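Quick caveat, the model's predicted, so the values are computed rather than measured. In this chain, numbering begins with 1 at the start of the sequence shown.
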Amino acid sequence: MSFPPFLCFFFFVSFLPLSTPLTSSPYLSPTILHPNYQKMIQNFKIYAYPPPETLSFDSKVESLFYSSLIHSHFITQNPEEAHLFFIPFSFHSGLSTRAAAYVVGNYRTEFIYWNRTLGADHFFLSCSGIGHGADRNVVELKKNSVQVSCFPTTAGLFIPHKDVSLPPLANVHAPVEAPGSKSSSYLGYVKYNWVKESNLMEQLLADPEIVVESEPSDQLTYEGRLAESKFCLFEYGPEISAIGEAMSFGCVPVVITDRPIQELPLMDLLTWQQIAVFVGSSGGVNEIKRVLGRVVVEQYEDMRESAAVASQHFVWNDTPQPCDAFHMVMYQLWLRRHTIRYAEREWA
């Protein structure tokens with residue numbers, strides 16, 4: 001689904017009932033988002049360093065982001081007009097700290113831009129995240145540069161408010177459901193691999209209000225379950241990558257986690273408490289259903305509509321479209337463009 005430039009944020013909102021309260025908006029700052037997005041599209045410039053001869057990534061979503069960026073109008077050949085600098089190197093899971101230090105060291109030696117801010121106006125791709133190291137180059141890369149990671153990221157390898165998560169690559173490209181009352185057959189839905197904790201899974205299987213698949217289903221059945229369920233339950237982990245698919249079918253995500261999640265995609269853009277339910281696992285299925293029962297009574301329709309609107313920003317396109325996942329990642333990078341720039345005489 002594509003949207004006219006600059007109008008995508010209001011496309012779905014225009015279909016909301018006039019009585020819908022303002023709290024149904026999924027956005028942190030809905031009044032400033034649209035003008036800021038326009039400024040980003042018109043002005044944002046990125047200088048990409050020369051890539052190595054061979055370049056490969058850990059995941060398809062990294063490759064798609066890289067291709068979209070390199071072929072976008074954001075790229076400039078003039079580094080003096082760049083807001084940010086992109087390091088086009090594969091900081092993959094098997095890369096040693098020494099190798100990462102070597103890459104940064106080369107850019108420090110061959111170009112003048114790193115030393116101006118010690119890498120604070122640079123960003124790089126690393127699906128698994130970069131760990132801490134003693135080498136100066138790695139320390140600056142980890143602490144100063146923006147890490148663009150896959151979601152979810154390995155615990156401890158993501159720095160909130162600096163780093164950015166890529167929205168997960170969805171397998172379903174369904175049209176966003178029009179707002180209105182949803183007729184749901186089930187309270188909750190769990191795909192066969194979304195919850196792995198054995199005790200909790202046994203409780204879910206025994207509950208008649210929750211549909212749990214014990215083995216892979218065909219695509220039509222899967223999409224039907226998403227559309228027929230009020231909530232989709234995910235245990236925090238790799239399988240939560242289907243969260244955008246659930247949202248697009250009007251299935252409010254329920255994230256089962258016993259720790260705060262600091263690397264949720266689009267955290268600079270979305271009010272996640274308005275989109276998803278977060279609940280611990282210690283209380284079992286009874287506690288989960290108690291929380292969901294309160295949500296159904298107090299705010300379910302608002303959350304479902306907000307999740308459906310937000311799901312447009314989780315769509316990856318081979319050719320980027322306005323307000324899709326690529327552009328929302330760029331928007332988050334745009335928000336991080338304000339870095340200290342030193343006078344030439346101080347770093348020359």
Side-chain angles (χ1 to χ4, degrees), residues 46-72 74-77 79 82-169 237-238 241 262-263 265 316 325-326 329-330 332-333 336-337 339-342 347:
I46 291 171
Y47 179 79
Y49 288 119
E53 292 184 3
T54 59
L55 186 62
S56 61
F57 296 102
D58 280 348
S59 68
K60 184 177 179 180
V61 69
E62 281 180 292
S63 299
L64 189 53
F65 174 79
Y66 174 77
S67 175
S68 298
L69 173 63
I70 293 301
H71 295 99
S72 73
F74 298 115
I75 294 295
T76 178
Q77 302 303 316
H83 298 94
L84 293 179
F85 294 80
F86 174 54
I87 303 174
F89 193 84
S90 178
F91 291 90
H92 53 76
S93 56
L95 188 73
S96 67
T97 301
R98 183 177 180 181
Y102 178 78
V103 172
V104 175
N106 279 346
Y107 288 130
R108 180 194 297 277
T109 302
E110 296 179 22
F111 299 91
I112 62 174
Y113 313 112
W114 180 278
N115 291 323
R116 293 192 297 190
T117 64
L118 303 183
D121 55 359
H122 286 56
F123 70 98
F124 63 97
L125 276 170
S126 178
C127 198
S128 55
I130 292 290
H132 295 277
D135 185 279
R136 171 191 176 186
N137 293 322
V138 174
V139 170
E140 292 176 0
L141 179 71
K142 177 66 178 179
K143 290 188 174 182
N144 298 342
S145 301
V146 178
Q147 174 181 281
V148 180
S149 304
C150 295
F151 174 74
T153 303
T154 305
L157 299 185
F158 186 93
I159 301 178
H161 310 298
K162 176 181 74 70
D163 296 339
V164 173
S165 289
L166 296 171
L169 190 64
S241 60
Q262 299 179 311
E263 77 275 18
W316 288 92
F326 169 71
V329 173
M330 296 305 297
Q332 292 191 106
L333 290 171
R336 287 158 173 76
R337 73 195 184 281
T339 58
I340 299 172
R341 291 187 177 275
Y342 300 98
W347 50 261

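- The CZ atom of F74 sits 7.0 Å away from the CD1 atom of I46 when rounded to the nearest 0.5 Å.
- Residue D121 holds its CG atom at 8.0 Å from OG of S145, rounded to the nearest 0.5 Å.
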| query | Hey, mind stepping through V104 and V138 against side-chain contact (heavy atoms from CB on, under 4.5 Å) and telling me if it holds? | reply | CA-CA 8 Å; V104 175; V138 174; over 6 Å; no
| request: Apply side-chain contact (heavy atoms from CB on, under 4.5 Å) to F86 and I75, showing your working. | output: CA-CA 9 Å; F86 174 54; I75 294 295; 5.8 Å; no
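- Looking at heavy atoms from C-beta onward, H83 lies out of side-chain contact with L333 at the 4.5 angstrom threshold.
- Summarising the geometry, atom CG belonging to L166 is positioned 10.5 Å from atom CZ belonging to F326; distances are rounded to the nearest 0.5 Å.
- Between the side chain of T153 and the main chain of C150, a donor-acceptor pair closer than 3.5 Å is present.
- Looking at P51 and F89, their side chains never come closer than 4.5 Å, going by heavy atoms from C-beta outward.
- Between N144 and K162 the shortest heavy-atom distance is O-CD, 3.8 Å.
- One finds the CG atom of D163 at 9.5 Å from the CG atom of L157 (value rounded to the nearest 0.5 Å).
- For the pair S67 (side chain) and S63 (backbone), a donor-acceptor distance under 3.5 Å is absent.
- Between the side chain of W114 and the backbone N or O of T109, no donor-acceptor pair lies under 3.5 Å.
- P168 has its side chain out of reach of V61: every pair of non-hydrogen atoms, C-beta onward, lies at least 4.5 Å apart.
- In this structure the side chain of H161 never reaches within 4.5 angstrom of the side chain of R336, judged on heavy atoms.
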| message | Before you tell me yes or no, could you show the steps for M330 and L69 under side-chain contact (heavy atoms from CB on, under 4.5 Å), namely the whole-Å CA-CA distance, both residues' side-chain angles and the distance that decides it to 0.1 Å? | response | CA-CA 9 Å; M330 296 305 297; L69 173 63; 3.9 Å; yes
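- Residues L118 and R136 form a side-chain contact, since some pair of their non-hydrogen atoms from C-beta on lies under 4.5 Å apart.
- Side-chain contact between F65 and L125 is present, with heavy atoms from C-beta onward closer than 4.5 Å.
- Contact annotation: the side chain of V164 never approaches that of F123 to less than 4.5 Å [non-hydrogen atoms, C-beta and beyond].
- E62 places a side-chain N or O within donor-acceptor distance of the main-chain N or O of S59, the cut-off being under 3.5 Å.
- Taking each heavy atom of Q332 and S165 in turn, the nearest pair found is NE2-O, 4.2 Å.
- In this structure a side-chain-to-backbone donor-acceptor pair under 3.5 Å is missing from S149 to G129.
- How far OH of Y107 is from CD1 of I87: 7.0 Å, rounded to the nearest 0.5 Å.
- For the atom pair OG (S126) and NZ (K142), the distance works out to 8.0 Å, reported to the nearest 0.5 Å.
- The aromatic rings of Y49 and F111 sit tilted relative to each other, their planes meeting at an angle between 30° and 60°.
- Between F85 and Y47, the ring-plane angle classifies as perpendicular under the 30° and 60° cut-offs.
- In this structure, the side chain of Q147 does not engage the main chain of F124 through any donor-acceptor pair within 3.5 Å.
- Side-chain contact check for L55 versus Y66: some heavy-atom pair is nearer than 4.5 Å.
- A pairwise comparison of heavy atoms in A101 and N137 identifies O-ND2, 3.2 Å as the closest pair.
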